[in-house]
Amino acid sequence: MKLTRALAGAAVLSLCLLLAVQPEAVAAAAAGGKVESTVRTEVVKAIRADPSVGPALIRLVFHDCWVNGCDGSVLLDTTPFNSSAGVEKAAANNIGLRGFDVIDAIKAKLGDSVSCADIVVLAGRDAAAILSRGRITYAVETGRKDGVVSSAAAADATLPESTFHIDQLTDNFARKNFTAEELVALAGAHAVGVSHLSSFRDRINATTRTPIDPRYQAALAGDVEALKGRQNSTDPIEKFNIRDMDAGFRNASGFDAAGVDMAAVGVLDNSFYHANLQNMVLLRSDWELRNGTDPSLSDSLFAFRDNATVWEMEFAAAMAKLSELPAEGTRFEIRKSCRATN
Ligand code: HEM
Ligand SMILES: *[C@@H]1O[C@H](CO)[C@@H](O)[C@H](O)[C@H]1NC(C)=O
Ligand SMILES: *[C@@H]1O[C@H](CO)[C@@H](O)[C@H](O)[C@H]1NC(C)=O
Ligand SMILES: *[C@@H]1O[C@H](CO)[C@@H](O)[C@H](O)[C@H]1NC(C)=O
Ligand SMILES: *[C@@H]1O[C@H](CO)[C@@H](O)[C@H](O)[C@H]1NC(C)=O
Ligand SMILES: *[C@@H]1O[C@H](CO)[C@@H](O)[C@H](O)[C@H]1NC(C)=O
Ligand SMILES: *[C@@H]1O[C@H](CO)[C@@H](O)[C@H](O)[C@H]1NC(C)=O
Ligand SMILES: *[C@@H]1O[C@H](CO)[C@@H](O)[C@H](O)[C@H]1NC(C)=O
């Protein structure tokens, strides 16, 4: 609590300063055993070196645990039965998945007694704490085992797609025993990180777009054209959060920043809900949270927008629940390398 207040009271921090200073501050406040402190130290180091890896580590928890439970299967480069083209990493729905080198670095420090599945969960938990400046914390169990199966087809059949409609999203989450409210809470992770154009192209296309603020849409369309050149790619990556776009973009979009801490660039907070309720989010699946008839969807959107603490608590609880999804399968081990079965 002391930590939270000290950080909230801190002067305006640039992204560099913020991420250069705070990982250590959050780490210093964290208790826990040797495994947990080793993971924490490595995650701090990784985010310090490359802040963009923080969102990637949070996403890894979702993409590992959703497919056959938390079993480290998303980390496998190949299996005895499948080439690199057949494993989860190769799934279309896993586009842009990163952070594997950070998991490797942690594994190298921890050795053969800690599973890769545990490392994914602990690293994602620490990344959420760091990116939220210590406001999102939750306990997780350890003792997971690593699976030996990894299937691209299973990942594509199980993970939600960015073009999903609201009924597909709630069905997808219900299959894992997650409520509509938990869906809305977890989607708030899209306050940080990036998306490929191919994941939101439908939003800037006049034929296929779902409700989107027209000024935001125009600014986005212009920005991705510029990014194509800057990144030398026909499928550039764009930041999720309008908060983190430059002032010209925000002005052109007519973004109403009331209630959003505009100095908190790169911070995992409830700004996703401010943006979403203005139709200024990248993905169709994000906008679709507004298109459900279940009142707990819209109640949650407003509740999370209007009270950051409520969202932080719900997000932490849902991440903890996600992290405990039991591994499915019959053969388990503790891998020597997170990228290959023993
Ligand atoms: C509700 C269904 C969801 C859909 C359809 C979805 C879809 C996506 C897509 C398309 C991307 C961008 C991939 C790319 O093009 O590079 C992405 C990124 C991301 N997602 Fe989700 N997601 C969902 C839920 C979640 C959940 C539950 C979490 C929380 C663990 C999460 C955390 C993230 C993060 C942090 C990123 C940014 C990753 C980075 O910067 O590397 N997403 N998601
Ligand atoms: C190999 O990949 C295929 C296709 O993605 C999948 O159906 C199968 O379950 C995978 N097998 C193993 C053992 O991972
Ligand atoms: C579903 O989740 C609720 C809490 O969200 C829990 O009480 C219940 O036991 C879970 N049921 C199953 C089948 O996992
Ligand atoms: C917009 O979407 C429609 C329907 O999928 C497609 O035919 C069209 O080529 C798209 N336009 C652009 C500019 O990508
Ligand atoms: C919103 O959902 C309804 C179904 O409940 C659907 O008919 C409608 O097309 C959706 N709106 C958009 C813009 O997709
Ligand atoms: C841009 O990308 C293309 C195709 O990947 C590559 O051939 C070219 O060398 C790149 N140009 C620059 C300036 O990096
Ligand atoms: C954005 O708008 C604000 C307020 O109207 C103005 O002070 C600022 O100069 C504008 N910035 C840019 C980059 O357009
Ligand atoms: C926000 O929610 C928290 C937790 O329920 C509560 O203690 C606090 O009073 C709420 N803040 C406001 C401004 O409503």
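Numbering of ligands and ligand atoms starts at 1, following listing order. Sequence positions, counted from 1, serve as the residue numbers for this chain.
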## Note on the structure
Within the 4.0 Å heavy-atom cut-off around ligand 6, the contacting residues, ordered by chain and number, are Asn232
### Task
Answer with yes or no after comparing the ring centroid distance for Trp287 and Phe200 against a 6.0 Å cut-off, counting only values under it.
no
### Query
Between Ser296 and Glu181, does any side-chain donor sit less than 3.5 Å from a side-chain acceptor?
no
### Message
Pairing donors with acceptors under 3.5 angstrom, does anything connect the side chains of Asp171 and Gln168?
### Response
no
### Query
Asn291 and His165: side-chain donor and acceptor closer than 3.5 Å?
no
### Query
Under 3.5 Å between some N or O of ligand 5 and some N or O of Asn291?
yes
### Message
If the cut-off is 4.0 Å to any non-hydrogen atom of Pro211, which atoms of ligand 5 fall inside it?
### Response
13 (C)
### Arg284, any N or O under 3.5 Å of ligand 5 N or O
yes
### Asp118: salt bridge (charged side-chain N to carboxylate O under 4.0 Å, His left out) partners, not counting sequence neighbours
Arg144
#### Entry: Test item: Thr41 and Lys109 side chains (from C-beta on) under 4.5 Å apart, heavy atoms
no
#### Entry: Under 3.5 Å: N/O of Thr208 near N/O of ligand 4
no
#### Entry: Atom NZ of Lys145: over 12 foreign heavy atoms under 6.0 Å
no
### Query
How about Arg203 and Thr210: does a side-chain donor come under 3.5 Å of a side-chain acceptor?
yes
### Close-contact set for ligand 5 against Glu288 heavy atoms, below 4.0 Å
14 (O)
